[in-house]
Amino acid sequence: MAEFLSTGETAHYIEKLIKNAKESISFITPTLKLSDPLYQKLLAASQRGVKLIFVFGKEELSNNEMHQLSALKDLHMYFYHKLNAKCYFNENEMIFTSMNMYEYTRLDMLEMGVYISNEKDTSIFRKVLDQTNSIIQQAEKR
């Protein structure tokens, strides 16, 4: 069953989602700006062989950010100009939240989120995967 997440819980569950990923991590977010602590966790996941999929909707990547992202192995990036959703998931866990990735360590912001488990919320989980695949089919590969 879905769980409500406070600001701190959202940050904790995002970290847990990254640590627990065995196959892939997907970030669906309008702005692809990563805080350094979050980037380090994604780098560790990448080095474990986890596939990373980023779908973003605003072109605000600096040369430095592009260089940083290029260090991530098995990275798949897509741009979809109509994207406004924020959803982060691996093969078993999913978080819908108001939290941006660059605000990951800013616990002074008031955020909310919802945690969904594939095991307990299979129908919702599959619908999100279907929607994500539809977005990726319409998106521009970067």
Side-chain angles (χ1 to χ4, degrees), residues 2-107 109-142:
E3 290 179 48
F4 173 80
L5 304 175
S6 66
T7 303
E9 290 168 330
T10 299
H12 171 75
Y13 272 72
I14 290 171
E15 185 173 317
K16 180 181 163 203
L17 181 149
I18 295 169
K19 284 182 182 178
N20 290 344
K22 302 217 182 327
E23 298 171 17
S24 67
I25 298 169
S26 297
F27 280 13
I28 313 301
T29 180
T31 306
L32 185 57
K33 289 188 178 206
L34 304 173
S35 68
D36 190 57
L38 183 62
Y39 172 77
Q40 294 302 321
K41 289 172 185 11
L42 289 169
L43 182 60
S46 173
Q47 292 169 346
R48 290 193 321 266
V50 175
K51 178 180 178 179
L52 302 174
I53 301 167
F54 295 154
V55 183
F56 62 103
K58 293 189 170 105
E59 296 218 43
E60 298 177 9
L61 298 178
S62 68
N63 288 338
N64 185 41
E65 289 165 330
M66 287 301 294
H67 177 71
Q68 185 182 42
L69 291 172
S70 70
L72 299 173
K73 300 175 186 175
D74 204 7
L75 173 64
H76 303 265
M77 291 180 37
Y78 300 91
F79 175 77
Y80 187 64
H81 69 285
K82 294 182 181 181
L83 186 64
N84 197 39
K86 294 179 195 130
C87 179
Y88 314 115
F89 57 93
N90 65 24
E91 59 276 0
N92 295 310
E93 303 169 289
M94 183 176 291
I95 299 167
F96 288 96
T97 182
S98 58
M99 185 178 285
N100 291 309
M101 292 296 86
Y102 59 87
E103 295 172 334
Y104 167 72
T105 56
R106 291 199 52 201
L107 298 181
M109 300 294 290
L110 180 59
E111 305 287 351
M112 289 187 264
V114 175
Y115 170 83
I116 296 171
S117 160
N118 188 15
E119 181 181 324
K120 296 178 184 175
D121 302 295
T122 305
S123 176
I124 295 171
F125 205 93
R126 290 191 194 284
K127 286 178 183 178
V128 174
L129 293 181
D130 289 345
Q131 181 67 28
T132 298
N133 289 330
S134 175
I135 291 170
I136 287 173
Q137 288 174 358
Q138 298 173 59
E140 177 184 324
K141 186 157 177 67
R142 294 292 168 109

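From a predicted model like this one, the values you see are computed outputs, not experimental measurements. Each residue takes its place number in the sequence, starting with 1.
For the atom pair CZ of Phe56 and OG1 of Thr29, the computed distance is 10.5 Å after rounding to the nearest 0.5 Å. A distance of 9.5 Å separates CG in Leu38 from CG in Asp36, rounded to the nearest 0.5 Å. The distance from the OG1 atom of Thr10 to the CG atom of Leu17 is 11.5 Å, given to the nearest 0.5 Å. Of the inter-residue distances, the one linking Asn84 atom CG with Lys82 atom NZ reads 13.0 Å to the nearest 0.5 angstrom. Residue His81 holds its NE2 atom at 12.5 Å from NZ of Lys58, rounded to the nearest 0.5 Å.
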For residues 69-78, tabulate all N or O donor-acceptor pairs below 3.5 Å that involve a side-chain atom, not counting sequence neighbours.
| residue | atom | partner | partner atom | Å |
| --- | --- | --- | --- | --- |
| Ser70 | OG | His67 | O | 2.6 |
| Asp74 | OD1 | His76 | NE2 | 2.8 |

Exercise answer: donor-acceptor pairs, residues 133-142 side-chain atoms, under 3.5 Å, sequence neighbours excluded:
| residue | atom | partner | partner atom | Å |
| --- | --- | --- | --- | --- |
| Asn133 | ND2 | Leu129 | O | 3.2 |
| Ser134 | OG | Gln138 | NE2 | 3.3 |
| Gln138 | OE1 | Tyr80 | OH | 3.1 |
| Gln138 | NE2 | Ser134 | O | 3.3 |
| Glu140 | OE2 | Arg142 | NE | 2.9 |
| Glu140 | OE2 | Arg142 | NH2 | 3.0 |
| Arg142 | NH1 | Glu59 | OE1 | 2.8 |
| Arg142 | NH2 | Glu59 | OE2 | 2.9 |

List the atom pairs, with distances to 0.1 Å, where a side-chain N or O of residues 112-123 and a protein N or O form a donor-acceptor pair under 3.5 Å, not counting sequence neighbours.
| residue | atom | partner | partner atom | Å |
| --- | --- | --- | --- | --- |
| Tyr115 | OH | Glu93 | OE2 | 3.1 |
| Ser117 | OG | Glu119 | N | 3.2 |
| Ser117 | OG | Lys120 | N | 3.4 |
| Asp121 | OD2 | Ala2 | N | 3.4 |
| Thr122 | OG1 | Asn118 | O | 2.6 |

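The shortest heavy-atom contact between Leu52 and Ser46 is CD1-CB, 3.9 Å. Considering every non-hydrogen atom in both Met99 and Ala11, the closest pair reads CE-N, 4.2 Å. In this structure, Ile28 and Tyr88 approach most closely via the heavy-atom pair O-CE2, 4.0 Å. Taking every heavy atom of both residues into account, Met94 and Phe96 meet most closely at SD-CE1, 3.7 Å. The two residues Glu111 and Ser98 have their closest heavy-atom pair at OE1-OG, 2.5 Å. The minimum heavy-atom distance between Asn90 and Asn92, with the atom names listed, is OD1-N, 2.7 Å.
The shortest side-chain heavy-atom distance between Thr7 and Leu110 falls under the 4.5 Å cut-off. No side-chain heavy atom of Lys41 sits less than 4.5 Å from a side-chain heavy atom of Tyr39.
Among residues at least two apart or in separate chains, there is no ring pair (Phe, Tyr, Trp, His ring centres under 6.0 Å) pair with a member in residues 122-142.
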Q: Given side chain to side chain contact (heavy atoms under 4.5 Å, CB included), test Ile18 with Leu42 step by step and report yes or no.
A: CA-CA 7 Å; Ile18 295 169; Leu42 289 169; 4.0 Å; yes
Q) When you look at Ile95 and Cys87, which way does the side chain to side chain contact (heavy atoms under 4.5 Å, CB included) test go after all the steps? A) CA-CA 6 Å; Ile95 299 167; Cys87 179; over 6 Å; no
Q.
Between Thr132 and Phe89, is the side chain to side chain contact (heavy atoms under 4.5 Å, CB included) condition met? List the steps.
A. CA-CA 11 Å; Thr132 298; Phe89 57 93; 3.7 Å; yes
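By the side-chain hydrogen bond (donor to acceptor under 3.5 Å, both in side chains) test, Lys51 is found to be paired with no residue, residues two or more places apart in sequence or in another chain being considered. By the side-chain hydrogen bond (donor to acceptor under 3.5 Å, both in side chains) test, Ser6 pairs with Glu9, sequence neighbours left out.
At most 12 heavy atoms of other shown residues, nucleotides or ligands fall within 6.0 angstrom of atom CZ in Arg126.
A donor-acceptor contact shorter than 3.5 Å links the side chain of Glu91 to the backbone of Glu23.
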